[in-house]
Each structure stands twice: as C-alpha cells, then as structure tokens.
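Not measured: the values here are computed from a predicted model. The figures that follow rest on heavy atoms only: side chains count, while hydrogens, waters and symmetry mates do not.
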Amino acid sequence: MASRYEGLRGLRVLDFTQVLSGPFASMLLADAGSDVVKVERPPAGDITRQWGPPFVQEESLYFAAFNRGKKSLVADLTEAGDRALVWELARRADVVLENLRPGTLEKYGLGYADLRRELPGLIYVSIRGYRADSSRAQDPALEVVLEAESGLMAITGTGEPVRQGIAVIDMMTGSFAVARILDALYNRERTGRGQHVVLSLQETAELIMTHPYLAHSKAHAPYPPGGTTHPSIAPYEHFRTRDRPIILGAVNDPEFRRLATTLGHPEWTGGSWSTNAGRVADRARLHETLQGILITEPGVIWVERFRQAKLVVGLVRSLDLATDTWFHGESPKLVSHDDRYGTLTYPASPWAMDGEVNAAPQLGAHHDEIVDRWLGEKRVPE
C-alpha cells in the first residue's frame with residue numbers, strides 16, 4: 001500500500017514576517033503542511049490587518065488572503081519574558097523567517113549569529129528590500145518602490161508609469177525564499193548544518209527584468225511600454241472583436257502561417273510578414289489588418305477557431321467573469337471555515353495538502369496552543 005504524501009508536515013517555522021514577501025513564503029509552507037507560528041507585535045500585529053477595505057466582520061481580506069494556515073502569537077520583544085518565550089520557540093524551530101528592517105531581531109538577541117551558537121542546524125531566512133552591497137541596504141522597501149526603481153513600472157502600460165495589478169516582486173521573492181529553504185533543508189540532511197539565507201526584493205526585481213536590461217545594455221534596443229504587445233514578437237497582443245477583446249499570439253512562423261490560413265489570407269506568409277522579424281518591423285500595419293477582420297465576429301467565435309488551429313488565444317475577461325469562470329468554475333479550491341470570516345474559498349496553491357485549510361489567525365489566538373505544542377508546557381518558567 002502506497003504511503004500517504006506528507007509534504008512538509010512536522011517542519012516548524014517561526015515566522016517574524018509581515019506585509020507580503022515573507023507572509024507569502026510562510027503561507028506556501030503552511031499549505032505544504034508546515035507548522036507555522038506567526039510572531040506579531042502588540043498591539044496591532046501585522047500591519048496588513050488594518051489594510052482595507054474590503055473588510056469582512058472588521059477583518060482585513062488582504063491579511064486573510066496571505067496568512068491562511070498559520071497560528072498567531074503576540075510577543076513584545078522589549079519585554080524579557082516575551083523574549084525568553086520566543087528564544088525557547090526558536091530553539092525548537094527548523095526555520096526562522098523574517099523580513100524586518102536589518103538589525104531589528106539582533107537588538108533582542110534573536111539574530112542568526114545569536115541563535116546559531118546554540119542551534120547549528122537552524123535555517124534562518126532574511127528577506128530585505130535591497131542587496132547587502134547596496135547603498136540603500138538599511139532602507140525599508142515596498143513593492144511599488146522596487147517596481148519604480150527597477151524600471152518595471154516604466155515598461156508597463158502604455159505611457160505613464162503603471163504599477164502591476166498585483167505585487168509580483170513580493171510574491172516571487174516569497175517563492176524564492178521557499179525554494180532556498182528547500183535547498184537548505186536538503187543541505188542540512190547531508191551535512192547537519194543550517195545556514196543564513198538572505199534574499200532581497202531588489203535582486204528579484206533585477207532578475208525579472210533580465211530581458212529588458214539585456215536589450216538595453218547589449219543591443220541598445222528600445223523597450224517602451226507597449227500595453228499588451230511584446231517588443232520581440234508580433235502578433236502578440238489584444239484585439240477588439242464584435243463584443244469583447246481577445247489576446248492572440250503567433251510566436252513563430254508556423255503559427256503565423258496557421259493564423260493567416262484560418263483568416264483566409266495564406267498570401268500573407270509570402271511577403272514581409274513571412275518572418276517574425278518582418279512582422280515586428282511592420283507591427284502597426286499588421287495589427288490594423290488583423291483588427292479589421294477580428295472586429296467582425298464575437299470573441300468566443302474567434303477563440304474557438306484559433307483554438308482549433310492550435311494558436312495561443314484567450315478572452316480578456318473582467319474580474320467578474322474571471323472569478324465566475326475560473327474561481328467558481330474550473331480551478332481546484334481550498335476551503336476554510338471560520339466564525340469571523342464565514343466560509344472563505346481560496347484558490348489552491350501548488351502545494352495544497354488537503355481540501356481544507358485553517359483561516360488566517362486572529363491576533364494572538366494561539367498562544368497557549370503554541371506553547372503547549374512546541375514547548376510541552378503552558379509557559380516558559382520564570
């Protein structure tokens with residue numbers, strides 16, 4: 001009989017993070033079965049608890065979105081008793097995760113150098129705003145600042161700088177943190193040693209900007225904000241149809257031949273449009289020509305035709321339609337039941353262990369449970 005997949009069950013994570021990059025990482029770890037204890041400062045805890053509207057029963061949906069499956073413990077690290085408690089919890093943790101301003105935990109004897117003397121196997125992950133060698137290494141940072149400083153904001157949209165609709169740098173950094181934790185766990189299995197992993201939003205932003213940076217510095221090629229277009233592919237953008245826009249792409253020459261044939265114009269493949277480079281150079285005329293045909297039929301008709309031709313195509317959905325179609329229609333779900341929120345249905349993560357998860361924790365709600373489970377007693381002795 002096959003053994004049941006256990007994921008990361010039994011992995012203990014002491015989580016000092018707030019806002020998004022760190023909480024996204026610890027949420028993924030909780031989804032995979034880890035025991036995540038979120039340490040929050042009094043009196044208000046993670047600042048995203050106040051981010052809203054929207055609120056449900058006076059609880060922030062932003063906080064709920066990224067803190068499911070965790071337990072909350074309130075600790076004032078300026079108080080000796082709370083510091084002692086957190087130290088005892090750290091002694092029993094496999095992973096400490098933090099994204100506080102550099103030096104914050106060190107002030108309270110909870111930095112990596114403080115803990116590793118007694119805990120050589122500890123994996124300690126620090127998420128920073130900027131690289132350690134940056135002139136801004138000590139500064140805090142938020143997603144929108146990194147989007148601006150990296151150039152990502154300048155190549156998004158169609159003119160004025162545009163923020164991404166979601167915090168892609170934060171969430172990618174959280175995902176990288178999980179990957180580095182898995183790497184460190186594998187290394188610890190072989191060597192018995194832990195390590196200090198340091199990541200930054202700046203490095204993530206630089207990584208996702210690899211193509212624009214290379215285009216600018218090596219090829220001296222423009223990379224202007226192009227809306228839904230791609231600077232190196234055509235067609236690869238949105239088009240209006242009779243009723244709603246679609247996204248359509250032909251990412252190589254065989255695909256464009258299929259597109260031309262589907263639209264009844266095989267002659268397009270014999271001239272300047274026969275190569276991707278030629279289509280990119282003549283992008284405006286190509287778009288106008290395609291647009292003139294696509295406006296004649298409804299979007300769903302074109303999507304079905306292009307699907308049959310094995311082309312990259314999809315409807316541009318409103319949030320209402322996307323929610324109805326994917327979230328309530330096709331995607332797997334994680335469901336939580338909580339008196340404060342009612343029932344929340346989350347999109348499942350790739351690591352979801354079960355069909356249900358615990359909702360985001362109420363501030364400080366799990367103090368006794370955490371102490372009992374991690375320390376085997378109701379409190380740390382005086």
Side-chain angles (χ1 to χ4, degrees), residues 8-52 59-79 82-101 104-105 108 110-111 115 122-127 167 170-171 173-175 177-178 181 197 199 334 336 338 340-341 344 346 349 351 353 357-375 379-380:
L8 296 179
R9 292 191 194 280
L11 187 77
R12 287 181 166 178
V13 180
L14 195 61
D15 177 17
F16 292 93
T17 67
Q18 60 177 339
V19 187
L20 184 52
S21 59
F24 190 75
S26 56
M27 183 196 76
L28 293 177
L29 294 172
D31 284 349
S34 300
D35 184 0
V36 178
V37 170
K38 184 177 180 71
V39 181
E40 301 188 71
R41 291 175 289 188
D46 188 322
I47 63 174
T48 63
R49 287 183 179 275
Q50 284 75 53
W51 283 10
E59 297 278 348
S60 163
L61 275 181
Y62 190 101
F63 180 83
F66 301 111
N67 288 278
R68 67 187 184 212
K70 308 173 191 179
K71 306 294 185 182
S72 174
L73 177 134
V74 172
D76 182 352
L77 297 181
T78 66
E79 299 290 336
D82 284 3
R83 282 199 307 276
L85 171 59
V86 172
W87 173 266
E88 291 299 322
L89 294 173
R91 290 183 59 201
R92 290 157 174 83
D94 296 291
V95 177
V96 169
L97 180 63
E98 61 96 7
N99 66 345
L100 305 176
R101 189 173 296 198
T104 298
L105 289 178
Y108 305 112
L110 292 166
L115 297 175
L122 180 66
I123 296 164
Y124 194 106
V125 182
S126 298
I127 299 175
D170 272 328
M171 288 189 283
T173 304
S175 299
V178 172
I181 288 168
V197 174
L199 307 98
L334 286 172
S336 70
D338 188 277
R340 295 170 297 127
Y341 296 108
L344 286 182
Y346 295 94
S349 78
W351 268 2
M353 294 287 293
V357 291
N358 292 322
Q362 193 167 13
L363 181 63
H366 303 99
H367 180 281
D368 290 346
E369 176 191 338
I370 292 163
V371 171
D372 187 46
R373 191 173 68 253
W374 280 40
L375 305 186
R379 64 184 180 85
V380 175

Visitor: For the pair Ser60 (side chain) and Thr48 (backbone), establish whether a donor and an acceptor sit closer than 3.5 Å, ignoring hydrogens and angles.
Guide: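 Present.
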Visitor: From Leu105 CG over to Phe16 CZ, what is the distance, rounded to the nearest 0.5 angstrom?
Guide: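 Separation between the atoms: 5.5 Å.
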Visitor: Flag the pair Gln18 / Glu40 as yes when at least one side-chain heavy-atom distance between them is below 4.5 Å, and no otherwise.
Guide: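 In short, these two side chains do not touch, never coming nearer than 4.5 Å.
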Visitor: Backbone N or O of Thr17 within a donor-acceptor pair of the Lys38 side chain at under 3.5 Å?
Guide: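 Looks like yes, one N/O pair under 3.5 Å.
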Visitor: Could you tell me whether the side chain of Leu334 reaches within less than 4.5 Å of the side chain of Leu344, counting heavy atoms only?
Guide: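 Leu344 does not reach Leu334 side chain to side chain.
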Visitor: With a 4.5 Å cut-off on side-chain heavy atoms, are Val13 and Val37 touching?
Guide: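 Heavy-atom side-chain distance check fails, nothing below 4.5 Å.
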Visitor: Go through Arg9 and Asp35 one step at a time and tell me if the salt bridge (Lys or Arg N to Asp or Glu O under 4.0 Å) criterion holds.
Guide: CA-CA 7 Å; Arg9 292 191 194 280; Asp35 184 0; over 6 Å; no
Visitor: What heavy-atom pair brings Gly10 and Asp94 nearest, and what distance separates the two atoms?
Guide: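 Reported closest heavy-atom pair: O-OD2, 3.8 Å.
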Visitor: Return yes if some donor-acceptor pair links the side-chain N/O of Ser72 with the main-chain N/O of Leu363 below 3.5 Å, else return no.
Guide: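 Between the backbone of Leu363 and the side chain of Ser72 there is no qualifying donor-acceptor contact (under 3.5 Å).
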Visitor: So does Leu73 get a backbone contact from the side chain of His367, meaning a donor-acceptor N/O pair under 3.5 Å?
Guide: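 No, because the side chain of His367 does not come within donor-acceptor range (under 3.5 Å) of the backbone of Leu73.
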Visitor: Listed by chain and number, what are the side-chain hydrogen bond (donor to acceptor under 3.5 Å, both in side chains) partners of Asn358, not counting sequence neighbours?
Guide: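 With neighbours one apart ignored, the set is empty.
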Visitor: Restricting to non-hydrogen atoms, name the atom on Leu8 and the atom on Trp351 that form the minimum distance, rounded to 0.1 Å.
Guide: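 Result for this residue pair: CD1-CZ3, 3.9 Å.
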Visitor: So Leu375 and Leu85, do their side chains get closer than 4.5 Å, heavy atoms only?
Guide: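 They are in side-chain contact.
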Visitor: Applying salt bridge (Lys or Arg N to Asp or Glu O under 4.0 Å), can you list everything that pairs with Asp170, at least two apart in sequence or on another chain?
Guide: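 Partners of Asp170 by the salt bridge (Lys or Arg N to Asp or Glu O under 4.0 Å) criterion come out as none, since no residue qualifies.
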Visitor: What are the two closest non-hydrogen atoms of Leu199 and Ala177, and how far apart are they?
Guide: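 Nearest pair, atom of Leu199 first, then Ala177: CD2-N, 3.9 Å.
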Visitor: Look up atom CG in Asp82 and atom CH2 in Trp87, then write down how far apart they are to the nearest 0.5 Å.
Guide: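 If I round to the nearest 0.5 Å, the distance is 16.0 Å.
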Visitor: Any side-chain heavy atom of Lys71 within less than 4.5 Å of one from Val36?
Guide: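 No, side chains not in contact.
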Visitor: Given side chains that start at C-beta, do those of Leu14 and Val39 come closer than 4.5 Å, heavy atoms only?
Guide: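 The answer is yes, as the side chains (C-beta and beyond) meet within the 4.5 Å cut-off.
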Visitor: In chain order, what residues pass the salt bridge (Lys or Arg N to Asp or Glu O under 4.0 Å) check against Arg91, with sequence neighbours excluded?
Guide: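 Once residues adjacent in sequence are excluded, the partners of Arg91 under the salt bridge (Lys or Arg N to Asp or Glu O under 4.0 Å) criterion are Glu88, Glu118.
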Visitor: What is the distance from atom CG of Asn67 to atom OG of Ser26, rounded to the nearest 0.5 Å?
Guide: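 OG of Ser26 is found 6.5 Å from CG of Asn67.
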Visitor: Not counting sequence neighbours, which residues clear ring pair (Phe, Tyr, Trp, His ring centres under 6.0 Å) with Tyr62? List them please.
Guide: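 Trp51, Phe66.
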Visitor: Let me see the working for Val86 and Tyr108 under side chain to side chain contact (heavy atoms under 4.5 Å, CB included), right down to the final yes or no.
Guide: CA-CA 10 Å; Val86 172; Tyr108 305 112; over 6 Å; no
Visitor: For the CD1 atom of Ile181 and the CG atom of Leu29, what is their distance to the nearest 0.5 Å?
Guide: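 So the gap between those two atoms works out to 5.0 Å.
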Visitor: Return the minimal non-hydrogen interatomic distance between Pro23 and Asn99, and the atom names on each side.
Guide: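 Looking at all heavy atoms of both residues, the closest pair is CD-ND2, 4.2 Å.
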Visitor: Say you draw a straight line from CE of Met27 to OG of Ser349; how long is it, rounded to the nearest 0.5 Å?
Guide: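 Result: 6.0 Å between the selected atoms.
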Visitor: May I have the step-by-step check of side chain to side chain contact (heavy atoms under 4.5 Å, CB included) for Lys70 and Asp15, ending in yes or no?
Guide: CA-CA 9 Å; Lys70 308 173 191 179; Asp15 177 17; 4.1 Å; yes
Visitor: Just so I know, are the side chains of Val125 and Val96 near enough to count as touching, which here means a heavy-atom distance under 4.5 Å?
Guide: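 Not in contact.
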Visitor: Is any side-chain heavy atom of Leu97 closer than 4.5 Å to one of Tyr124?
Guide: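 Contact flag for Tyr124/Leu97 side chains = no.
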Visitor: So which heavy atom on Tyr346 is nearest to which on Ser336, and how close?
Guide: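 Looking at all heavy atoms of both residues, the shortest contact is CE1-OG, 3.5 Å.
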Visitor: Ser175: which residues meet the side-chain hydrogen bond (donor to acceptor under 3.5 Å, both in side chains) condition with it, sequence neighbours left out?
Guide: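 None.
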Visitor: Kindly say whether Ala360 contributes a backbone atom to a donor-acceptor pair with the side chain of Arg340 at under 3.5 angstrom?
Guide: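 Confirmed, Arg340 side chain pairs with Ala360 backbone.
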Visitor: Can you pull out every salt bridge (Lys or Arg N to Asp or Glu O under 4.0 Å) where at least one residue sits in residues 60-69? Sequence neighbours excluded, please.
Guide: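 Passing the test, one end in residues 60-69: Asp31-Arg68.
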Visitor: State whether Phe63 and Arg49 meet the cation-pi test: NZ (Lys) or CZ (Arg) under 6.0 Å from the six-membered ring centroid, and within 45° of the perpendicular axis.
Guide: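 That pair qualifies as a cation-pi contact.
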Visitor: Can you tell me how far the OG1 atom of Thr104 sits from the CG atom of Leu77, to the nearest 0.5 Å?
Guide: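 Thr104 atom OG1 to Leu77 atom CG measures 9.5 Å (nearest 0.5 Å).
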Visitor: Salt bridge between Glu79 and Arg83, side-chain N to carboxylate O under 4.0 Å?
Guide: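 Not counted as a salt bridge, because no side-chain N and carboxylate O are separated by less than 4.0 Å.
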Visitor: Taking all non-hydrogen atoms of both residues, which atom of Pro42 and which atom of Asp76 are closest, and how far apart?
Guide: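 Looks like CG-CB, 3.7 Å.
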